[in-house]
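Only heavy atoms go into these numbers, but all of them, side chains included; no hydrogens, no water, no symmetry mates. Remember, it's 1-based here, ligands and their atoms both numbered in the order they're listed.
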Amino acid sequence: MTVNSQHACNLALFGAMGDLSRRKLLKALYYLDRASLLHADTRIIGLARNSLDDQGFKEVAIENLQRFVPTSELDDTILQRFVARLSYIALDMTEITGYQLLADHIAADSKPMVAYMATPPSVFGDICANLDKVGLSHLPNRIVLEKPLGKDLSSSQEINDKVAEHFKEQQIYRIDHYLGKETVQNLIALRFANNLFGSQWNQNHIDHVQITVAEEVGVEGRWSYYDKSGQMRDMIQNHLLQLLCLIAMDPPYDLSADSIRDEKLKVLRALKPMTGERLSQNSVRGQYVAGTQHGKAVPGYLEEEGANLQSTTETFVALKAEIGNWRWAGVPFYLRTGKRMPSKVSEIIIQFRQQPHYIFAPDQRNIASNKLIIRLQPDEGMTLQIATKDQGLDKGMRLRSGPLELNFSEAFKQDRIPDAYERLLLEVMLGNQSLFVRRDEVEYAWRWVDQIIQGWENSNEPPKKYQAGTWGPVSSIALISRDGRSWNEDA
Ligand SMILES: NC(=O)C1=CN([C@@H]2O[C@H](COP(=O)(O)OP(=O)(O)OC[C@H]3O[C@@H](n4cnc5c(N)ncnc54)[C@H](OP(=O)(O)O)[C@@H]3O)[C@@H](O)[C@H]2O)C=CC1
Ligand SMILES: O=C1O[C@H](COP(=O)(O)O)[C@@H](O)[C@H](O)[C@H]1O
């Protein structure tokens, strides 16, 4: 890709001293510079409360890049070029003082401003209002909003309303970092560039879909945020529903942001409500207790730093979701995600149906169907399980299941797969909204998630306990085995 003058911008990084900025965003920007994807005129203005000057911020950036970028990838010439782009403004984001400095700082040139809000959502409204007051809310300026966008539909609407008073939808880039993962974008290529899959992608050929996002980490010192959220709001409402949409959506008219987002929205609207009997049968919530991971003892959720012993927040969710449309009628989507699982695995399993007439040995039925395993992380790639004849004169027509394997790093000789934030920052700078979530998507996702949370709260049932280092409560196994199916064991 070449970087032309249209890609130059003034990136205003609100919350520049926070964890996300220090750990992920500065690093992603450095890698973009290293890949020659930052225009020579692009400037980065850090904004936070700490009283620092430009030099102090440059030092913070260097210190964090030295910490988070492997030494072999930290090139001194690029590092110097990168920090030369940095400047800093100290401000309280809720006060207008400081915004005029920002406006003056960037007034001298005609580059668009990208305001990245790596801050709590409680200040999004103030930042937007203040940017507007100093004349920075016009097109082509854009804003980037970090998650979480509210804790339910109404709080999300409140945030979106405040932002919308000052910025138009085409200026707003809502982050779901899963959409920036290379392998997640690859779902679009897989489905719409391969007739082999495209032609089979419906209820005639697919038996069911599984989406697993298992994390090894616990709450990592984020108790005060996480306990108000839980795995449903933290992971299902955004990341898993976005994955489900990319798997289930109809082919978009083209690759434009709104064509893709229109199709994703239709899926969210077609999700069958989860209430009453359907909710109790088709959902499991869990909370981890002390256990072991990789042979090491780890604490339970209620023993984590800052824990409230009464908490009934879920750290694991399994769901059987159904999509009420022609393509997916009768095809369950099993979703599961949890913290403190045995390993970090994000994968999507497409289990194809068997052929209509079966002619092989009765004990080999389970081999005679295809399974597509899409590994999002780690070890990004795909495996298609296919049935072949077992080799050898003595085998007769015995079947054997074997993998057709595509490992992205090996196949494409990539030394590193770019982090999601690199892709997302680049797309914002290019002004492409395809990998960002539109307001109506966020709100339909909340509608579906809210009724599940409401149902759980009404039932008064506490989450089921599971030991850290296991795949979740046993009832999550029952949820799928009741249908005569099982979670993919290769996870
Ligand atoms: N950290 C992560 O890995 C992820 C974070 N996010 C989201 O990104 C956002 C930022 O997260 P994170 O970096 O972890 O949070 P931090 O609390 O570490 O950083 C927030 C930053 O915003 C600043 N800030 C907050 N209020 C004000 C204010 N009124 N005036 C000036 N500065 C202010 C803080 O300054 P001060 O320190 O002075 O308060 C700090 O620099 C959150 O919405 C979070 O949910 C999303 C995904 C992952
Ligand atoms: O948004 C979030 O995502 C992370 C998991 O992201 P991944 O890229 O490491 O899979 C999760 O741990 C965190 O709780 C959540 O807020």
Protein contact of [atom] - nearest heavy atom, named by residue and atom, plus distance:
atom: atom 42 (C) of ligand 1; value: Thr119 O, 3.5 Å
atom: atom 6 (O) of ligand 2; value: His177 NE2, 3.2 Å
atom: atom 4 (C) of ligand 1; value: Leu20 CD1, 3.7 Å
atom: atom 37 (O) of ligand 1; value: Asn50 OD1, 4.8 Å
atom: atom 38 (O) of ligand 1; value: Arg49 NE, 3.1 Å
atom: atom 16 (O) of ligand 2; value: Asp234 OD1, 2.7 Å
atom: atom 1 (N) of ligand 1; value: Asp19 OD2, 2.7 Å
atom: atom 41 (O) of ligand 1; value: Gly18 N, 3.3 Å
atom: atom 7 (C) of ligand 1; value: Lys147 O, 3.2 Å

Which of the atoms in ligand 1, numbered in the order shown and given with their element, are less than 4.0 Å from a heavy-atom of [X]?
X: Pro121; answer: 43 (O)
X: Leu91; answer: 30 (N), 31 (C)
X: Gly15; answer: 21 (C), 22 (O), 41 (O)
X: Asp92; answer: 28 (C), 29 (N), 30 (N)
X: Arg23; answer: 1 (N), 2 (C), 3 (O)

Check each atom of ligand 2 against the heavy atoms of [X] and keep those under 4.0 Å away; list them by number with element.
X: Lys344; result: 7 (P), 9 (O), 10 (O)
X: Lys147; result: 1 (O), 2 (C), 15 (C), 16 (O)
X: Glu215; result: 4 (C), 5 (C), 11 (C), 12 (O)
X: Lys339; result: 11 (C), 12 (O), 13 (C), 14 (O)

* **Over-ring placement of Lys27 relative to Tyr30, 6.0 Å and 45° cut-offs** =>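 Output no; distance or angle outside limits.
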* Within 45° of the ring axis of Tyr31 and under 6.0 Å from its six-membered ring centre, is that where the NZ or CZ of Arg416 lies? -> yes
Electrostatic pair [X]:[Y] at N-O distance under 4.0 angstrom:
X: Asp258; Y: Arg438; answer: yes
X: Glu304; Y: Arg340; answer: yes
X: Asp379; Y: Lys344; answer: no
X: Lys147; Y: Asp234; answer: yes
X: Glu427; Y: Arg423; answer: yes

* N or O contact, Tyr421 vs ligand 1, cut-off under 3.5 Å -> no
Can you figure out which of [options] has its heavy atom closest to [atom]?
atom: atom 8 (O) of ligand 2; options: Lys181, Glu216, Lys24, Gln377; answer: Lys181
atom: atom 23 (C) of ligand 1; options: Met17, Met93, Met117, Arg222; answer: Met93
atom: atom 13 (C) of ligand 2; options: Arg222, Glu220, Glu146; answer: Arg222
atom: atom 10 (C) of ligand 1; options: Ala118, Ser21, Pro120, Gly98; answer: Ala118

* Asked: Should we count CZ of Arg81 as having more than 12 external heavy atoms under 6.0 Å?
  -> yes
* **Within 6.0 angstrom of Glu169 CD, more than 12 heavy atoms from elsewhere** => yes
* Side-chain touch Ser51/Tyr88, heavy atoms, less than 4.5 angstrom ->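 Side-chain contact under 4.5 Å: no.
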* Asked: Can you find a heavy atom in the side chain of Phe192 that is under 4.5 Å from one in the side chain of Leu255?
  -> no
Do [X] and ligand 2 have an N or O pair less than 3.5 Å apart?
X: Tyr225; result: no
X: Tyr226; result: no
X: Tyr178; result: yes

* Asked: Is there a protein heavy atom at a distance of less than 4.0 Å from atom 20 (C) of ligand 1?
  -> yes
* Asked: Looking at atom 17 (O) of ligand 1, would you say a protein heavy atom lies below 4.0 Å from it?
  -> no
Could you check whether [Y] and [X], counting side-chain N and O atoms only, form a donor-acceptor pair closer than 3.5 Å?
X: Tyr466; Y: Thr315; result: yes
X: Thr183; Y: Arg375; result: no
X: Ser283; Y: Trp456; result: yes

Side chain or backbone of [X] under 4.0 Å from ligand 1, or both, or neither, by non-hydrogen atoms?
X: Glu146; value: side chain
X: Lys24; value: neither
X: Asp126; value: neither

* Sub-4.0 Å heavy-atom contact, His239 with ligand 2 ->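 Yes, His239 has a heavy atom closer than 4.0 Å to ligand 2.
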* To do: Would you please classify the geometry between the Phe436 ring and the Tyr173 ring as parallel, tilted or perpendicular, with 30° and 60° separating the classes?
  =>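 The arrangement is perpendicular - the two ring planes meet at more than 60°.
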* Do the rings of Tyr421 and Tyr116 sit parallel, tilted or perpendicular, given the 30° and 60° boundaries? -> tilted
* Would you say the side-chain atoms of Asn186 pair up with the backbone N or O of Ala189, donor to acceptor, closer than 3.5 Å? ->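 Side chain of Asn186 to backbone of Ala189: no pair is present.
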* **Expected output: side-chain Asn50 to main-chain Leu52 donor-acceptor under 3.5 Å** => no
